[in-house]
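Here is the naming used below: chain letters follow the sequence lines, and residue numbers restart at 1 for every chain.
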Number of protein chains: 2
Amino acid sequence: MAPKLRTVPRKRPVQDRSRATVDAILAAAAQVLVKDGFDRTSTNRVAEVAGVSIGSVYQYFPSKEALVGALVERHNEAMRAAVLAELQRVQVLPLEAAVRAVIELIVRAHAIEPALHRVLMEQVPRTGRLARVDQFAVELHAVIVRYLDAHRARLRVQDLDLAAFLAASAVEAMAHGAVIYQPHRLDDPAFLDEATAMVVRYLIA
Amino acid sequence: MAPKLRTVPRKRPVQDRSRATVDAILAAAAQVLVKDGFDRTSTNRVAEVAGVSIGSVYQYFPSKEALVGALVERHNEAMRAAVLAELQRVQVLPLEAAVRAVIELIVRAHAIEPALHRVLMEQVPRTGRLARVDQFAVELHAVIVRYLDAHRARLRVQDLDLAAFLAASAVEAMAHGAVIYQPHRLDDPAFLDEATAMVVRYLIA
DNA sequence: CCAAAATGCGAGCGTTCGCTCATATTCGCA
DNA sequence: TGCGAATATGAGCGAACGCTCGCATTTTGG
């Protein structure tokens, strides 16, 4: 029988001591997750690395899924905030500059904790918490469509929904691929030039 | 202690009966893998679904990793053969037609067993067998560079290595994304038109 | 038809895992 | 200073897992 899945946090840390414990647990979870992958990450090992007892882990996280879910949420929220803020900022820039800025940002976002990002995106089972990731994607898509619509006059593409989907997929993949498989390209300004060129030349005539 | 990893097949099936057993095991493994994900796929469950004893599984696959590895190898080989053959065939076509044909093929390759493809690509731990996947990527990259070089006269891109990487990343992502998240787009001819446009407009002036 | 080889079987071993709970320690506050 | 609440501990439970091994059954080839 599968272990029952509790998703509601058991207890909220109120003293500084327990907040430090929670931070240590999350940091250790990220470290073990990156090193061993999701299914070889054991809660006992996380506790050991965090320097706390296994009991303390379960004081604040009702299950392994909830523990990893908290990491997903934290990582996702950080990316969400950074990307959406930047999109707001470049809304007024001309198209080429805006595309370049967004690509640069997305590459940088991927490059911060690439290994953790990879594990969280690829290996964590799609349960509960991960709905937020999809929601982020939907939100991002909407912002892109809105931006394209505002610049519609200069665009050659007609179906903005389709264009946003294709451009977002391409950019995400180029950033992800470069960070994971071709890190040396990140220092090459030609990479950003070319990625920008692909998107811009696709969007405008 | 981690279980010892044997990677050499234990026994090769020589009679029809045992070949059928092996086929049933592989089919069941694919089915369970898609339904439950890698780490929740148990060898006992695979045996049960295949309608054979757990002992029979270990007659032909020395470990769980080897079993899944066989699936990876089979899936990868099928894609490899299809894609490389098509690339050979379109080598003589003009650029736009060639790009369109390749994108169409890659989309179709993704659409055959998308769920299995996703699990095999995302969740299977990178051990031993998966080196072949990377080798396939390297091989594919080389073919693309060669093709671009043959059409160099018409291209605006200079760094063919970079262009091949970016184009391959983008195409793979658009195909993957469409199959997994936007299956309704697969029937829309505009999808293929637009994806082709992005790559072609990037490559040529 | 029969012996040897190939194949199939499944109870259960040893281990790991997620997680609980009774107990101990530390903190905030009157 | 003392007392209740908050926090920390870790031995160990029950379940699930990967996998072995001794034996039963089927097929092959002479």
Subject >> Heavy-atom protein contacts under 4.0 Å, nucleotides 24-30 of chain C, coded B base, S sugar-phosphate only, - none >> reply: --SS---
**OP:** Scan for salt bridge (charged side-chain N to carboxylate O under 4.0 Å, His left out) pairs involving residues 163-189 of chain A, sequence neighbours excluded, and state none if there are none.
**Re:** A:R185-B:D161
Subject >> Donor-acceptor contact below 3.5 Å, side chain B:S18 vs main chain B:T21 >> reply: no
**OP:** Please state whether the phosphate of D:dC19, meaning OP1 or OP2, lies under 4.0 angstrom from any side-chain nitrogen or oxygen of B:Y58.
**Re:** yes
Original post:
Are B:R100 and B:E104 close enough, and set up right, to give a salt bridge (charged side-chain N to carboxylate O under 4.0 Å, His left out), and what steps lead you there?
Top reply: CA-CA 6 Å; B:R100 177 181 295 266; B:E104 197 169 5; over 6 Å; no
**OP:** Sort and list the pairs that fulfil ring-ring contact (aromatic ring centres under 6.0 Å, His included) and have at least one residue in residues 65-90 of chain A, not counting sequence neighbours.
**Re:** A:H75-A:H117
**OP:** Check the distance between C:dC17's P and A:R40's CZ and give it to me in whole angstrom.
**Re:** 11 Å
Original post:
Residues in ring-ring contact (aromatic ring centres under 6.0 Å, His included) with A:H141, at least two apart?
Top reply: none
**OP:** Specify the separation, in whole Å, of atom CG of B:D36 and atom C1' of D:dC17.
**Re:** 14 Å
Under 3.5 Å, which protein N or O atoms sit close to an N or O of nucleotides 9-12 of chain D? Give each pair with its distance.
unit_1	atom_1	unit_2	atom_2	d
D:dT9	OP2	A:S53	N	2.8
D:dT9	OP2	A:S56	OG	3.3
D:dG10	N7	A:S53	OG	2.6
D:dG10	N7	A:G55	N	3.4

**OP:** For residues B:L71 and B:A30, report the shortest heavy-atom separation together with the two atoms involved.
**Re:** CD1-N, 3.6 Å
Original post:
For C:dT7, does either OP1 or OP2 sit under 4.0 Å from a side-chain N or O belonging to B:S18?
Top reply: yes
**OP:** List the atom of A:A178, the atom of B:F165, and the distance in Å for their closest heavy-atom pair.
**Re:** N-CZ, 3.6 Å
Original post:
What is the distance from CD1 of B:I25 to P of C:dT7, rounded to the nearest Å?
Top reply: 12 Å
**OP:** Take atom NZ of A:K64 and atom P of C:dT20, then tell me their distance rounded to the nearest Å.
**Re:** 15 Å
Original post:
Rounded to the nearest Å, what distance is computed from the CG atom of residue A:D39 to the P atom of nucleotide D:dG18?
Top reply: 10 Å
Subject >> From C:dT20, D:dA8, D:dG18, nucleotide with atom closest to B:T43 side chain >> reply: D:dG18
Subject >> Inter-residue atom distance B:L203.CG - B:R152.CZ, 0.5 Å rounding >> reply: 12.5 Å
Original post:
With sequence neighbours left out, what residues match A:F191 under ring-ring contact (aromatic ring centres under 6.0 Å, His included)?
Top reply: none
